[in-house]
Protein chains: 2
Amino acid sequence: MRQSITSLKEEKTNKEQDGIWPQVKFVQCPIRTSLGVLGKKWTMLILRDIGFLKIVRFNRILDSIPGLTPRVLSMRLRELEDEGYIECVGGKREPLIVVWRLTEKGRDTLPILIHITAFGSKWHADVVFEDKKPRSLNEIFPQPEVSRIMMGIR
Amino acid sequence: MRQSITSLKEEKTNKEQDGIWPQVKFVQCPIRTSLGVLGKKWTMLILRDIGFLKIVRFNRILDSIPGLTPRVLSMRLRELEDEGYIECVGGKREPLIVVWRLTEKGRDTLPILIHITAFGSKWHADVVFEDKKPRSLNEIFPQPEVSRIMMGIR
DNA sequence: GGTATCAGTATACTTAGTATAGTACATAAA
DNA sequence: TTTATGTACTATACTAAGTATACTGATACC
């Protein structure tokens, strides 16, 4: 009954797409479920610090991320800990020596970070690189380890 | 002078890590620069709609993302358009037939979405799948096209 | 004419994040 | 022993981002 307007190509149901969205039936969208803590501001940069840069202590993280405040860092660390992305080395938090590291779940976010890095290196090269020249994934991550991480091989 | 406290392993400078963070010198972190619009709430789901599900019109997107309001969708679409992730098919916005599609820049966010999907399919399988069984990247995206997209081959 | 859909706006409200200062404890030097 | 610094945070007040709900003007359908 609204055919004359809506009989455009996007209306041919989401199942029979020519796209690459999985044929697997999702009860709920996996992107949506992942975007709890991961989608919040600063989270990705905190994971970058702990996972890639090995900046693993409160004030060091604070120093490395301009704009991030102790209040929000404290909240994010707690959320990341609660949801199992990070953990303390000593198991329990002892004042003066709180050192964070990624769990297996946290390490599984690294492929996402790698692709965000690749995206930024291609599309924001003007601010990212001194020579302003865009670089590809393989150029910035030449290590064979990276493709293994991305494919989930450990 | 603060050696006795800080001579822990994370203090051995960020350059000589055993990690896989690129040796390339960044003027600014590519993750940070990418997290402008991309980091905002709902953006990834909107890109999923347009890029994967081919849900490309205002009210359809609104229907497909519970919780998203017209006000925010309107703002996100404008931001995504301004920063070159999406564009209208007709070039200009004509009332009653506004249809969105990804630009090249927008398509380059798909590898990020693919990995978020993979992450959710592994770590949130209990809510994502009916059988609650986690699935790997290759299981949910068996198409060879996916690895080509991820590697940036077009 | 009455109803529905289109793509949004307008207004008010709530939550999330920011700014800035301060806490309690520990170490080190003078 | 005082002073200075560093640790990981917390408290309070404020601003920006997102939410809820209603509404707009246009086009189309019956």
Round to the nearest Å and state the distance from [X] atom [atom1] to [N] atom [atom2].
X       : N       : atom1 : atom2 : answer
N59(A)  : dC25(C) : CG    : P     : 18 Å
W42(B)  : dA16(C) : CH2   : P     : 12 Å
F58(B)  : dT27(D) : CZ    : C1'   : 17 Å
W100(B) : dC6(C)  : CH2   : C1'   : 14 Å
L73(B)  : dT19(D) : CG    : C1'   : 14 Å
K40(A)  : dG18(D) : NZ    : C1'   : 13 Å
R57(A)  : dG6(D)  : CZ    : C1'   : 9 Å
R71(A)  : dT23(C) : CZ    : P     : 18 Å

OP1 or OP2 of [N] versus the side-chain N and O atoms of [X]: is any pair under 4.0 Å?
X      : N       : answer
K41(A) : dA17(D) : no
R60(A) : dA8(D)  : no
R78(B) : dT9(C)  : yes

What bend angle does the helix from dG1(C)-dC30(D) to dA30(C)-dT1(D) show across its length, from five-pair end axes and to the nearest 10 degrees?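 For the helix from dG1(C)-dC30(D) to dA30(C)-dT1(D), the axes at opposite ends meet at about 10°.
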Whether [Y] and [X] form a salt bridge (side-chain N of Lys/Arg under 4.0 Å from carboxylate O of Asp/Glu) is what I want to check.
X       : Y       : value
R76(B)  : E81(B)  : no
E130(B) : K25(A)  : no
K105(B) : D108(B) : no

What nucleotide among dT9(C), dT19(D), dT18(C) has an atom nearest to a side-chain atom of V72(B)?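 Out of dT9(C), dT19(D), dT18(C), the nucleotide with an atom closest to V72(B)'s side chain is dT19(D).
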Return the 5'-most residue of the pair P70(A), T69(B) with respect to DNA chain D, ranking by each residue's nearest nucleotide. P70(A)
Determine whether V89(A) and V98(A) fall in the same hydrophobic cluster, where Ile, Leu, Val, Met, Phe, Trp and Tyr are linked whenever their side-chain heavy atoms lie under 4.5 Å apart. yes
Answer with yes or no whether the hydrophobic clustering places V37(B) together with V127(A); edges join I, L, V, M, F, W, Y residues whose side-chain heavy atoms lie under 4.5 Å apart.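 Yes, V37(B) and V127(A) fall within the same hydrophobic cluster.
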Mutual orientation of the aromatic rings belonging to W21(B) and F141(A) [parallel < 30°, tilted 30-60°, perpendicular > 60°]: perpendicular
Got a sec, which pairs hit salt bridge (charged side-chain N to carboxylate O under 4.0 Å, His left out) with one end in residues 28-40 of chain B, sequence neighbours left out? K40(B)-E79(B)
